[in-house]
Amino acid sequence: MSYNPKEIESQWQRIWEEEEAFEPSGDRKKPKKYILSMFPYPSGRIHMGHVRNYAIGDALARYYRKRGYDVLHPIGWDAFGMPAENAAIKHGLHPGKWTYENIEYMRRELGALGLSFSRKREFATCDPLYTKWEQEFIIRMFEEGLLYREKTTVNWCESCHTVLANEQVEDGRCWRCDNPVELRDMPGYYIDIVSYAQELLDDLDSLEGKWPQQVLTMQRNWIGRSEGLEFSFELTQESREKLSGLFKGYNVFTTRADTIYGVTYSALAPEHPIVKYMIEKRLLDDDIAGKIERMANMGERERAQAQKEGYPLGISVIHPLTGAEIEVWTANFVLAAYGGGAVMAVPAHDERDFEFATLYSLPIKRVIEGGELPYTGGGKLIDSAEFDGLDNEEAKRKIIEHFQKLGIGERKVNFKLRNWGVSRQRYWGAPIPLIHCPKCGLVAEKRENLPITLPEDVEITGEGNPLENHPTWKFCKCPHCGADAERETDTLDTFVQSSWYQFRYTVDPEKWEETGIDRESARYWMPVDQYIGGIEHAILHLLYARFFTKALRDLGYHDIDEPFERLLTQGMVLKDGSKMSKSKGNTVDPDSIVEKFGADTARLFILFAAPPQKELEWNDSGVEGAYRFLKRLYSRREKVKHDSIPEIEHSSLQAASKEARAKVYEALRKSEDVFEKSFSFNTLIAAVMEALNALERQKDDRVWSEGIYILLNLLEPIVPHIATQMSEELFGRRNLRKSIEIREEVFVTDTVTYAVSINGKRRSEVEVPSGAEKETIISMAAEAGSKWLGDMQIVKEIVVPGKLVNFVVKPV
RNA sequence: GCGGAUGUGGUGGAAUUGGUAGACACGCCAGAUUUAGGAUCUGGUGCCGUAUGGUGUGGAGGUUCGACUCCUCUCAUCCGCACCA
């Protein structure tokens, strides 16, 4: 009977389903492993990236299950979001119906890959039961002041009709639809992630070596901590009067307190309140006011690329140490959202300040010795009063201390990270469970009324927020005073759902009604031992999920600090050198590969073609090669004549059989490192292929039986169907139940091959009895290399045990 | 501009971490089998050379008995950040 993947695969998938083979046992005395691949968005069909992601996770889950761990390996659906709503606009289909139909379809596709997921723990984030607990967390955050409402300038995507968080703007464009982002002033909800910035930064150290360096670096840069001095520039008397006494001054932040004596002007962001006030009160020329407004309204990206531009405001501040008057300008390179939207400018030692000063012929004053201006390096201070002669690093400390002593400035830590805007003006998301009461203000919905669900009867047109437009949904009573009130119609960013799903899986499904996160289960299962997903989430999801973990911990839901112990970022699947995409027409449909070759072939190819971290180039003939290997493996059933590992006296075997056993056990020895550390499945598969090749070169039945017994054990996590089928047939699956002991004796050989090199160049080789004395080895090697040693004087002999002999020679 | 990563046959990729470079696979070549194609099997396959041999891990130096591996410089590609004061 030849290899028939379809039959074998559907049979085992059915059996696993019936046996509920992949549910965790719940036995808390067993060691645990929580293996999690990032859950998919139910877009409609799976793609090769999914296959890769889940093939890696499944291999690990199956490996640990076999090693006796209780394994949690769940799957779910990141089910809220824009595409469902777009489909609704286009086809008039309700987003919920569209989503659940997609889930149904994709569940079948993933099922056909034979992935060992816990079925009982599957959920979609749009399930009301999931929303219920999420809304409770949001209410708790609201009560603790961690979630707040504020009107600010936001990133607005006109094509998505919604606001975006900072992290979701890439190169000034929407991360989802690539539309340029506009700035708008709007009220919205924010989560105070910045108050966790320090912990989020510090705990990255504990992930060192367990997360890819690249991701750690990206997160550190995104959080962007910097330390410096914050002080206030006081306006001159005359300037105060000009501003009707409404402003005394403003704060600035600097990391270069050492250059304080080099300040020659100061600059405000065009959005700064003082600038806004001056425009409003027509304190500037109309012409200039117009130009400033145009600067302020430029998009983020546009502005970053624009030429430096600025205008004097006709006001001055007083230098806090020298008392000198300093001109105040407004400039387009000053960011409103950072450090108070104002800077002290030191053109001699800052490139931006220099460029600006040169452009507008502003004074430049050097205060640090060193190279050409602008000079940003270190050195001794000059022209800096009592700080002259100090090294600039020391001066930083001393000057900050000086400010503190005088009570005019503080040491300050600033972060680039900004608070997470979670409002979305869309329908298909989790409603924010807050209510606007004309008397009580913004209040939380009562717990017993959760979840607040979405209305079914909506018209989704893409114009405006369907919840806002719904005739009745938003009208309610205030939970405090009973007055007529209105529900919040914004829904939550979908990244909120994916920020805590890793905890939800740990809850026993029987308790899903009564609890959102169960402390005891979380303590047992968390953190996720191995998380697997794409690098594109290096900031977004991974930062939010880390933050949520800490926030929920502090709200008393569990005791975990970091959600993901180890992270593997898999590379993309490419075809013809570029990412598979419909627009390029270079996609390969997983279903058709499974249909033609079977799931095992797809899994084998994808794990064999490249290490998981690297990009993977899809190759049709490579797939056929994988299929060929499985066919060959399957046909070797006939070589197996024993139903377990037979007794073998190693020394009595012929050389080829010894060699085969050594290859088999080498593969076995390699497997632990591959599954637990390196994840280089490609090399394990190569080792298995080598072992099979070596088995074919020998004839001993017992060695065959032992070899197949072990190789199937190693292959089961990678190609589970064929491995289980053959194991069932040949060994009653006994070979899959536990790890197999390594027989060290197979690595002991009678002779060892030594390479013979002369001056580091390999010339020959020689068989040396194992255990030979150094002198024997050298003389045998000299014999083998005599052709090259003839007229030479041996200066030095180097013996690397078991490897080679190197003769260092020179002409006589 | 700043930061990070990667450069090994025609291709995907190995190399026990300083010790025989190119495992394993794809492709290709030759042969066997087959009515033919496909499939399968056997052998070969870094480059130059008929050959003894030479040469070879992006390039140039260096350390070492010995370097894909360590150091310096350099080139290329990819990724991330991008006025964060």
Side-chain angles (χ1 to χ4, degrees), chain A residues 2 170-172 212-218 220-222 224-226 228-229 252-256 259 266-267 300-301 303-306 308 331-346 349-353 355-356 376 414-418 535-536 538-539 574 604-605 608-611 613-626 628-629 631-632 635 666 669-670 673 680 682-693 696 753-765 787 795-809:
Chain A
S2 65
E170 297 170 349
D171 274 348
Q213 196 53 52
Q214 194 192 166
V215 176
L216 295 175
T217 306
M218 283 168 76
R220 287 193 180 106
N221 291 344
W222 189 264
R225 182 185 196 276
S226 58
L229 167 70
V252 294
F253 172 74
T254 179
T255 55
R256 294 296 305 271
T259 62
S266 171
E300 206 173 325
R301 183 165 175 75
R303 199 157 139 183
Q305 287 171 341
K308 295 251 178 316
N332 65 345
F333 70 91
V334 182
L335 301 175
Y338 188 79
V343 297
M344 68 177 209
V346 184
H349 305 292
D350 182 286
E351 282 169 22
R352 297 152 300 184
D353 297 346
E355 195 187 330
F356 192 80
T376 56
N414 253 328
F415 294 98
K416 274 170 32 173
L417 182 69
R418 289 178 225 169
I535 186 81
E536 64 273 21
I539 307 278
L574 308 178
L604 180 66
F605 170 73
F608 180 58
Q613 298 87 340
K614 275 193 73 164
E615 292 182 335
L616 181 148
E617 174 70 27
W618 188 264
N619 178 333
D620 288 329
S621 32
V623 177
E624 280 170 38
R628 224 156 31 225
F629 171 75
K631 260 198 315 201
R632 186 152 67 92
S635 74
E666 247 166 57
R669 187 153 66 178
K670 191 176 187 63
D673 181 64
S680 50
N682 54 329
T683 62
L684 176 62
I685 294 166
V688 168
M689 288 173 167
E690 268 189 81
L692 187 66
N693 291 345
E696 310 225 328
T753 308
Y754 275 76
V756 179
S757 54
I758 319 288
N759 285 345
K761 194 154 289 179
R762 180 179 173 275
R763 292 297 182 180
S764 178
E765 57 182 39
K787 189 175 162 190
V795 181
K796 201 173 174 186
E797 295 139 342
I798 291 143
V799 179
V800 182
K803 291 274 162 61
L804 61 77
V805 179
N806 186 25
F807 293 104
V808 183
V809 301

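Every chain is numbered from 1 and lettered A, B, ... according to where its sequence line falls, protein lines coming before strand lines.
- Between A/Thr376 atom OG1 and A/Arg256 atom CZ the span is 7.0 Å, to the nearest 0.5 Å.
- Base contact: A/Phe608 has a heavy atom under 4.0 Å from a base atom.
- Within a 6.0 Å sphere centred on CD of A/Gln213, heavy atoms belonging to other residues, nucleotides or ligands number more than 12.
- Figure legend: cation-pi geometry between A/Lys308 and A/Phe333, with NZ or CZ positioned under 6.0 Å from the six-membered ring centre and within 45° of its axis.
- Rounded to the nearest 0.5 Å, atoms CD (A/Gln613) and CD (A/Gln214) are 12.0 Å apart.
- B/rU45 and B/rG27 make up a base pair, with Watson-Crick or G-U wobble contacts both under 3.5 Å.
- Taking a pair to require two hydrogen-bonding distances under 3.5 Å in either a Watson-Crick or a G-U wobble arrangement, B/rU77 pairs with B/rA5.
- The shortest distance between the side-chain N/O atoms of A/Ser226 and the OP1/OP2 oxygens of B/rA85 is below 4.0 Å.
- Applying the 4.0 Å criterion to OP1 and OP2 of B/rA39, one finds that A/Lys631 has every side-chain N and O outside that range.
- In this structure, B/rC83 makes no Watson-Crick or G-U wobble pair, since no nucleotide meets both defining distances under 3.5 angstrom.
- B/rG56: no Watson-Crick or G-U partner with both key distances under 3.5 Å is found in any strand.
- Look at A/Arg628 and you'll find a side-chain N or O under 4.0 angstrom from OP1 or OP2 of B/rC26.
- Across the protein-nucleic acid pair, A/Ile539 atom CD1 and B/rC79 atom C1' stand 13 Å apart, rounded to whole Å.
- Remark: A/Asn221 is not in phosphate contact with B/rG4, judged by side-chain N or O atoms under 4.0 Å from OP1 or OP2.
- One can place CD1 of A/Ile798 at 15 Å from C1' of B/rU20, the figure rounded to the nearest angstrom.
- If you run side-chain contact (heavy atoms from CB on, under 4.5 Å) between A/Met344 and each of A/Thr254, A/Asp350, A/Asp353, only A/Thr254 comes through.
- For B/rG9, the base adopts the syn conformation, since its glycosidic angle falls within 90 degrees of zero.
- In this structure, the side chains of A/Phe605 and A/Leu616 come closer than 4.5 Å at one or more pairs of heavy atoms.
- Under the Watson-Crick or G-U wobble criterion, with both distances below 3.5 Å, B/rA51 has no partner in any strand shown.
- B/rC70 is paired with B/rG62 under the criterion used here, namely a Watson-Crick or G-U wobble arrangement in which both key atom distances are under 3.5 Å.
- What separates CZ of A/Phe605 from P of B/rC24 is a distance of 19 Å, to the nearest Å.
- For A/Leu335, the side-chain atoms get nearest to B/rA85 when compared with the rest of B/rA85, B/rU20, B/rG27.
- Within 4.0 Å (heavy atoms only), A/Ala336 reaches no atom of the nucleic acid at all.
- As rounded to whole Å, 18 Å separates atom P of B/rA23 from atom CG of A/Leu684.
- Base orientation of B/rU35: anti, since the glycosidic angle falls outside 90° of 0.
- Atom-to-atom, NZ of A/Lys416 to P of B/rA82 comes out at 6 Å; the value is rounded to the nearest Å.
- Comparing B/rC24, B/rU20, B/rG80 by their nearest atom to the side chain of A/Met689 picks out B/rC24.
- At the heavy-atom level, A/Arg418 lies under 4.0 Å from base atoms of the strands shown.
- Look at A/Tyr754 and you won't find any side-chain N or O under 4.0 angstrom from OP1 or OP2 of B/rU20.
- Figure legend. B/rU20 is base-paired to no nucleotide; pairs are counted as Watson-Crick or G-U wobble with both atom distances under 3.5 Å.
- Neither OP1 nor OP2 of B/rG56 sits under 4.0 Å from any side-chain N or O of A/Arg762.
- Atom NZ of A/Lys803 and atom P of B/rA15 are 14 Å apart (whole Å).
- B/rG4 atom P lies 19 Å from atom CH2 of A/Trp222, rounded to whole Å.
- Here the separation of B/rU57 from B/rG62, taken at their P atoms, is 15 Å to the nearest Å.
- When heavy atoms are screened at a 4.0 angstrom cut-off, A/Arg303 is found touching base atoms of the nucleic acid.
- Looking at heavy-atom distances under 4.0 Å, A/Glu615 makes contact with sugar-phosphate atoms alone, never a base.
- For A/Lys614, counting side-chain heavy atoms from C-beta on, the closest listed nucleotide (B/rG13, B/rA85, B/rU20) is B/rG13.
- The side chain of A/Asn682 contributes an N or O atom lying less than 4.0 Å from OP1 or OP2 of B/rA14.
- Note on A/Glu617: nothing from the nucleic acid sits closer than 4.0 angstrom, heavy atoms only.
- Among the nucleotides B/rC65, B/rA15, B/rA85, the one closest to any side-chain atom of A/Thr683 is B/rA15.
- Looking at heavy-atom distances under 4.0 Å, A/Val334 makes contact with a base.
- Straight-line distance from the CD atom of A/Glu536 to the P atom of B/rC81: 13 Å, rounded to whole Å.
- Side chain of A/Phe333, nearest nucleotide from B/rA85, B/rC24, B/rC65: B/rA85.
- Pairing partner, B/rU34: none, since no Watson-Crick or wobble contact has both distances short of 3.5 Å.
- Using a 4.0 Å heavy-atom distance criterion, A/Gly625 is classed as a sugar-phosphate-only contact.
- When side chains are defined from C-beta on, A/Glu690 does not count as touching A/Glu666, because their heavy atoms never get closer than 4.5 Å.
- Counting only heavy atoms from C-beta outward, the side chains of A/Phe629 and A/Val688 approach each other to under 4.5 Å.
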